[in-house]
Amino acid sequence: MNFVERLHANWKRFGFNGRIDQIRHGDLSRWLEVLKDLPQIQNVRFRGGEVVHTSSPEKLACSDRAILDHAVRALIPWRKGPFSFFDIEIDAEWRSDYKWSRLAKHVDLKSKRVLDVGSGNGYFGYRMLEAGAKSVTGLDSSILAVMQNALINHYASQENVVLPLRFETGSWIQNYDMVFSMGVLYHQRDHDSHLRELQRSLRVGGTLVLESIVAENPLYPTDRYARMRNVWCIPSVSTITQALAKLGFTNRRVVNVSATTSKEQRRTKHMPFESLADALSATDPSVTVEGHPAPQRAIILAENTRKLT
């Protein structure tokens with residue numbers, strides 16, 4: 001089965017009947033031209049861990065390794081990771097294993113059906129499967145992230161698929177056991193609407209995992225925050241927990257608040273563009289280049305008690 005056929009087959013298994021050739025994106029034809037020539041590799045092994053590994057017990061031909069390396073480079077920038085892809089070390093911008101280590105001990109994923117909103121390339125989904133999840137459906141509007149996930153899963157064949165969908169009203173409503181929204185809330189104009197849609201996707205008794213940049217008091221950037229566009233509001237921890245309380249979420253708990261450092265988010269070989277260091281003041285790293293407080297991120301968990309229709 002070639003790359004596109006396998007991609008569509010995986011999408012259909014997760015209930016999505018869209019086709020990659022229906023998507024308009026300026027780089028898509030270039031990416032597909034590279035990915036259509038992926039070599040066939042037998043007896044592929046997969047394992048999770050801090051570095052998500054896809055490997056072969058046999059030494060790859062030099063020509064096959066060159067094709068795989070070209071595919072990885074064609075899909076730069078890699079934002080989430082790290083991955084080891086047939087011994088090609090993909091050093092992503094984010095050491096996403098740091099965030100996972102702060103979160104993992106607080107969630108029970110055993111046999112859970114999970115929705116990962118704003119999933120990126122699915123790194124966290126692989127960690128969720130490692131922790132016992134039954135399946136992970138990722139949603140992300142970045143076609144590059146979708147292609148990165150499709151490249152890994154072309155060989156890994158895991159129950160972790162990233163679909164090219166925005167999470168909007170009515171777009172993907174199912175009764176998931178757990179819903180993750182990490183790094184998404186502050187990009188939403190209407191925080192309450194986003195939280196309601198997350199709740200709508202959860203079964204009663206399901207768990208919401210919400211991760212966001214936070215400020216001591218809600219912050220409303222007039223232009224950019226840490227060089228990021230579309231940051232409408234940096235919430236406070238209390239405004240998030242109060243909003244969850246209004247929606248009927250119980251057992252609300254803040255399990256971590258951490259400053260983001262340049263060890264966790266940085267420029268790398270596989271993400272050679274601006275990163276956190278470029279977003280902070282050169283004279284005072286406690287503030288962004290715009291003069292806002294530097295990023296701190298909170299992880300908040302809560303249980304759903306209502307079924308919205």
Side-chain angles (χ1 to χ4, degrees), residues 48-52 76-84 89-107 116-128 130-131 140 142 145 148 180-187 209-219 221 223-241 253-301:
E50 292 181 2
V51 180
V52 172
I76 285 174
W78 290 75
R79 300 288 182 182
K80 295 182 181 180
F83 294 92
S84 179
E89 302 303 321
I90 302 176
D91 190 11
E93 176 186 18
W94 282 91
R95 282 293 304 267
S96 302
D97 54 308
Y98 287 20
K99 184 183 295 185
W100 186 251
S101 69
R102 296 192 292 265
L103 169 62
K105 62 185 176 182
H106 301 288
V107 292
D116 187 6
V117 176
S119 61
N121 59 30
Y123 172 87
F124 289 116
Y126 294 119
R127 302 305 305 272
M128 294 172 198
E130 175 194 1
D140 206 288
S142 167
Q148 290 171 352
F180 286 71
S181 172
M182 299 196 290
V184 178
L185 185 64
Y186 48 88
H187 289 303
V209 179
L210 187 70
E211 190 265 358
S212 177
I213 298 175
V214 294
E216 185 175 351
N217 297 299
L219 175 64
D223 183 17
R224 297 190 185 192
Y225 172 83
R227 295 192 184 276
M228 289 188 290
R229 300 178 187 272
N230 301 324
V231 176
W232 304 104
C233 173
I234 305 292
S236 67
V237 169
S238 62
T239 58
I240 295 173
T241 55
R253 63 262 193 210
V254 181
V255 299
N256 186 267
V257 179
S258 300
T260 304
T261 72
S262 291
K263 288 185 178 180
E264 183 173 358
Q265 184 188 13
R266 70 273 192 269
R267 187 181 306 186
T268 71
K269 174 182 176 181
H270 291 98
M271 206 302 291
F273 309 117
E274 287 185 345
S275 190
L276 178 65
D278 304 286
L280 301 180
S281 167
T283 58
D284 182 2
S286 70
V287 299
T288 69
V289 292
E290 302 88 2
H292 302 304
Q296 287 203 76
R297 309 185 77 98
I299 301 173
I300 301 171
L301 277 62

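Along the sequence shown, residues carry numbers from 1.
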- Message: Could you check whether Ser238 and Thr241, counting side-chain N and O atoms only, form a donor-acceptor pair closer than 3.5 Å?
- Response: no
Using only atom types and a distance under 3.5 Å, with no angle test, would you say the side chain of Arg266 pairs donor to acceptor with the backbone of Glu93? yes
Tell me, do Thr260 and Trp94 make a side-chain contact under 4.5 Å, heavy atoms counted?
-> yes
Closest non-hydrogen atoms of His270 and Asp91, given as atom of the first, atom of the second and distance, are ND1-N, 3.2 Å
Are Pro272 and Ile76 close enough that some pair of their side-chain heavy atoms sits under 4.5 Å apart? yes
Q) Do Pro295 and Leu276 touch side chain to side chain, with heavy atoms closer than 4.5 Å? A) yes
Taking the basic N atoms (NZ, or NE/NH1/NH2) and the acidic carboxylate oxygens, is any pair closer than 4.0 Å for Arg297 and Glu211?
yes
Hey, does Tyr98 have a side-chain heavy atom less than 4.5 Å from the side chain of Lys263?
yes
Value for CD1 (Ile299) from OG (Ser258), rounded to nearest 0.5 Å, stands at 7.0 Å
Leu301 and Leu103: CA distance, side-chain angles, deciding distance, side-chain contact (heavy atoms from CB on, under 4.5 Å) verdict: CA-CA 10 Å; Leu301 277 62; Leu103 169 62; 4.2 Å; yes
Report the C-alpha separation of Arg227 and Glu290 in whole Å, then their side-chain angles, then the decisive distance to 0.1 Å, and conclude whether the side-chain contact (heavy atoms from CB on, under 4.5 Å) test is met.
CA-CA 8 Å; Arg227 295 192 184 276; Glu290 302 88 2; 4.2 Å; yes
How about His187 and Val231: do any of their side-chain heavy atoms sit closer than 4.5 Å?
yes
Rounding to 0.5 Å, atoms SG (Cys233) and CG (Leu185) come to a distance of 8.0 Å
Smallest heavy-atom separation, Thr239 atom then Pro235 atom, equals OG1-CB, 3.6 Å
task = Taking the side chain as every heavy atom from C-beta outward, state whether Asn217 and Ser236 have any pair of such atoms under 4.5 Å apart.
result = no
Nearest heavy-atom approach of Asp140 to Gly120 is OD2-N, 2.7 Å
- With the threshold set at 4.0 Å, does a side-chain nitrogen-carboxylate oxygen contact exist between Glu264 and Arg102? yes
Between Pro293 and Thr288 the two heavy atoms that sit nearest each other are O-CG2, 3.7 Å
* Between Ser119 and Gly122, is there a donor-acceptor pair closer than 3.5 Å when you use the side chain of the first and the backbone of the second? -> no
Within a strict 4.5 Å, meaning less than it, do heavy atoms of the Val237 and Gln296 side chains meet?
no
In Lys80, Arg79, Glu50, the residue satisfying side chain to side chain contact (heavy atoms under 4.5 Å, CB included) with Ser96 is Lys80
**Asked** Mind checking whether Trp78 and Thr268 have side chains closer than 4.5 Å, heavy atoms only?
**Response** no
Residues Ile240 and Leu210: closest non-hydrogen pair is CG2-CD2, 3.4 Å
Tyr123 and Gly49 have their tightest heavy-atom pair at OH-O, 3.8 Å
Is there a side-chain contact (heavy atoms from CB on, under 4.5 Å) between Tyr186 and Met228? Walk through the geometry before answering.
CA-CA 11 Å; Tyr186 48 88; Met228 289 188 290; 4.2 Å; yes
Distance col, row Ile234:CD1 vs His292:NE2, nearest 0.5 angstrom, shows 8.5 Å
Notebook entry, point to check: Asp284 side chain to Ser281 main-chain N or O, any donor-acceptor pair under 3.5 Å?
Noted result: no
Assess, by modelled atom type and distance only, whether the side chains of Ser84 and Glu89 contain a donor and an acceptor separated by less than 3.5 Å.
yes
Start with the C-alpha gap between Asp278 and Phe273, add the side-chain angles, then the distance that decides, and say whether side-chain contact (heavy atoms from CB on, under 4.5 Å) holds.
-> CA-CA 9 Å; Asp278 304 286; Phe273 309 117; over 6 Å; no
> Ion pair present between Glu274 and Arg267, side-chain N to carboxylate O less than 4.0 angstrom?
Replying inline: no
Could you check whether the rings of Trp100 and Phe124 sit parallel, tilted or perpendicular, using 30° and 60° as the cut-offs? tilted
